[in-house]
Chemist: 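Supplied in structure tokens, the structure appears directly below.
Within every chain, numbering begins at 1; the chains are lettered A, B, ... in the order of the sequence lines, protein sequences first and strands thereafter.
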2 protein chains.
Amino acid sequence: MQSKTSIKLSSNMEDYLEAIVMLKKSKGVARVRDISRLINVKTPSVSGALSMLAKNGLVVHERYGYAELTAKGQKLAKKIKKRHDTLSKFLTEILNIEPKIAAEDACKMEHAISPYTFGKLTKFLEFVKSSPAKGKPHWLKGFGYYVKTGKRPKCVLKDGGAK
Amino acid sequence: MQSKTSIKLSSNMEDYLEAIVMLKKSKGVARVRDISRLINVKTPSVSGALSMLAKNGLVVHERYGYAELTAKGQKLAKKIKKRHDTLSKFLTEILNIEPKIAAEDACKMEHAISPYTFGKLTKFLEFVKSSPAKGKPHWLKGFGYYVKTGKRPKCVLKDGGAK
DNA sequence: CCTAAATGTTAGGTATACCTATCTTTCATA
DNA sequence: TATGAAAGATAGGTATACCTAACATTTAGG
């Protein structure tokens, strides 16, 4: 029926899906109560969300039972998680934001990023990580210094020429 | 009444505020019809939004008249615009995303970014722009090369040592 | 095994943010 | 200056995403 192309889920529904994944990983099962605590809503909201997700073929949920992802749900959840992780990594590793704030912001921003921009961000992180420097590349350390002191680091090697 | 501290506006209301600013700048006045066209909603939605914003003291709107920002509305709008511009600049200048896509993504992401993260992003752009190199710093050109070719640029100056 | 607390569901209500249909006002111009 | 088209407002409807209150089921201790 509605399983033709890749479903477009609302931010909220994506959050529920993410919560289920996290709980399965951490507790083995995803219960309504735990989902509600995780995303700070009351249990009736979770019940409603689960029937929504079930209607979309992403979740299986028997009355009074656990929430389980279908294959389709898992596939979607994996995409969502990747987006979250990439954004989170960018915030912590590039912008030097504390993990707690980064996690919060990633949670909100992950719903707003387009596949194209996600791709570019992924490439950017790849590029930074592939630096031949051990740990952070030189310029990124320079950014840390700039944030701390408000001044650019002394230029050991002038960054001028090169195509 | 509710004008005590800085108002927390919904993403949608922020969009209306932005639209008013843009129209004032481009056309001199902000009409309901133009707002509706700009953010792709019907005129009754704009009417509703304007009374909402008026109730919050951000906009003055006489029946059948133009929408005007109050001082408070202008202050808020300026903040929102800055957030938008910063995000947009990051997407275009750092991630090399085409202006059109960048604008769309910035529109969605700007509502999700926290003040803290916004601050860091601002600093990051500052840092990049303050590079002694003419134009983009060397490492950023390297990223462009990496996106195009999938390979790291030949390291003219080995990026290894340095604190 | 049975009951009380925890958990889950259902029903019904609120707020946001849209929409269409209909009515009112404004304004350009014939 | 009268009028019809454009613009704006209002009324009423839909969908999402919450909530509280009340009811049902499960489960863990006594």
Chemist: Please report the distance, rounded to the nearest Å, between CG in B/Asn40 and P in C/dA17.
Modeler: 17 Å
Chemist: Does a side-chain N or O from B/His61 land closer than 4.0 Å to OP1 or OP2 of D/dA9, or not?
Modeler: yes
Chemist: Give B/Tyr16 one of three labels, base, sugar-phosphate or nothing, depending on what nucleic acid heavy atoms sit under 4.0 Å from its own.
Modeler: sugar-phosphate
Chemist: Looking at B/Lys136 and B/Glu93, is there a salt bridge between them, counting it only when a charged N and a carboxylate O are closer than 4.0 Å?
Modeler: no
Chemist: Tell me which residues in residues 23-36 of chain A put a heavy atom below 4.0 Å from DNA chain C, sorted by number, or none.
Modeler: A/Arg31, A/Val32, A/Arg33
Chemist: With respect to the phosphate group of C/dC19, does any side-chain polar atom (N or O) of B/Ser45 fall under 4.0 Å of OP1 or OP2?
Modeler: yes
Chemist: With respect to the phosphate group of C/dT10, does any side-chain polar atom (N or O) of A/Ser47 fall under 4.0 Å of OP1 or OP2?
Modeler: no
Chemist: Rounding to a whole Å, what distance do you find between A/Leu9:CG and D/dT16:C1'?
Modeler: 12 Å
Chemist: With nearest nucleotides of DNA chain C determined for B/Thr43 and B/Met52 from heavy-atom distances, which residue corresponds to the more 5′ nucleotide?
Modeler: B/Met52
Chemist: Grab the OH-C1' distance between A/Tyr64 and C/dA6 for me, whole Å please.
Modeler: 13 Å
Chemist: Measure the distance from CG on B/Leu53 to C1' on C/dT16 and round it to the nearest whole Å.
Modeler: 13 Å
Chemist: Using the side chain to side chain contact (heavy atoms under 4.5 Å, CB included) rule, take A/Met52 and A/Leu58 through it: C-alpha gap first, then chi angles, then the decisive distance, then the call.
Modeler: CA-CA 9 Å; A/Met52 189 70 219; A/Leu58 299 166; over 6 Å; no
Chemist: Out of C/dA17, C/dT26, C/dC19, which has the shortest distance to the side chain of B/Val41?
Modeler: C/dC19
Chemist: Does a nitrogen or oxygen in the side chain of A/Asn12 sit under 4.0 Å from OP1 or OP2 of D/dT16?
Modeler: no
Chemist: Check whether any side-chain heavy atom of A/Pro153 sits under 4.5 Å from a side-chain heavy atom of B/Phe127, and report yes or no.
Modeler: yes
Chemist: May I ask you to test the B/Arg31-B/Leu23 pair for a side-chain heavy-atom distance under 4.5 Å?
Modeler: no
Chemist: Toward the 5' end of DNA chain D, which comes first, B/Gly48 or A/Pro44, by nearest nucleotide?
Modeler: B/Gly48
Chemist: I would like to know whether B/Leu50 and B/Ser47 meet side chain to side chain contact (heavy atoms under 4.5 Å, CB included); could you show each step before the answer?
Modeler: CA-CA 5 Å; B/Leu50 289 181; B/Ser47 288; 5.9 Å; no
Chemist: Mind calculating the distance between CG (B/Leu50) and P (C/dA17) to the nearest angstrom?
Modeler: 13 Å
Chemist: B/Leu17 versus B/Leu9: any side-chain heavy-atom pair under 4.5 Å?
Modeler: yes
Chemist: Using OP1 and OP2 only, check whether a side-chain N or O of B/Arg63 sits under 4.0 Å from C/dT24.
Modeler: no
Chemist: Nearest of D/dC19, C/dT9, D/dA9 to any side-chain atom of A/Lys42?
Modeler: D/dC19
Chemist: In whole angstroms, how far is the C1' atom of D/dC18 from the CE atom of A/Met13?
Modeler: 10 Å
Chemist: Rounded off to whole Å, could you give me the CG-to-P distance for the A/Leu17 and D/dA17 pair?
Modeler: 13 Å
Chemist: In whole angstrom, give the distance that lies between atom CD1 of B/Ile7 and atom C1' of C/dT16.
Modeler: 16 Å
Chemist: Measure the shortest side-chain to side-chain distance between B/Trp139 and A/Leu140 over non-hydrogen atoms and say whether it is less than 4.5 angstrom.
Modeler: no
Chemist: Let me confirm one number: the CZ-OG1 distance from A/Arg33 to A/Thr43, rounded to the nearest 0.5 Å.
Modeler: 6.5 Å
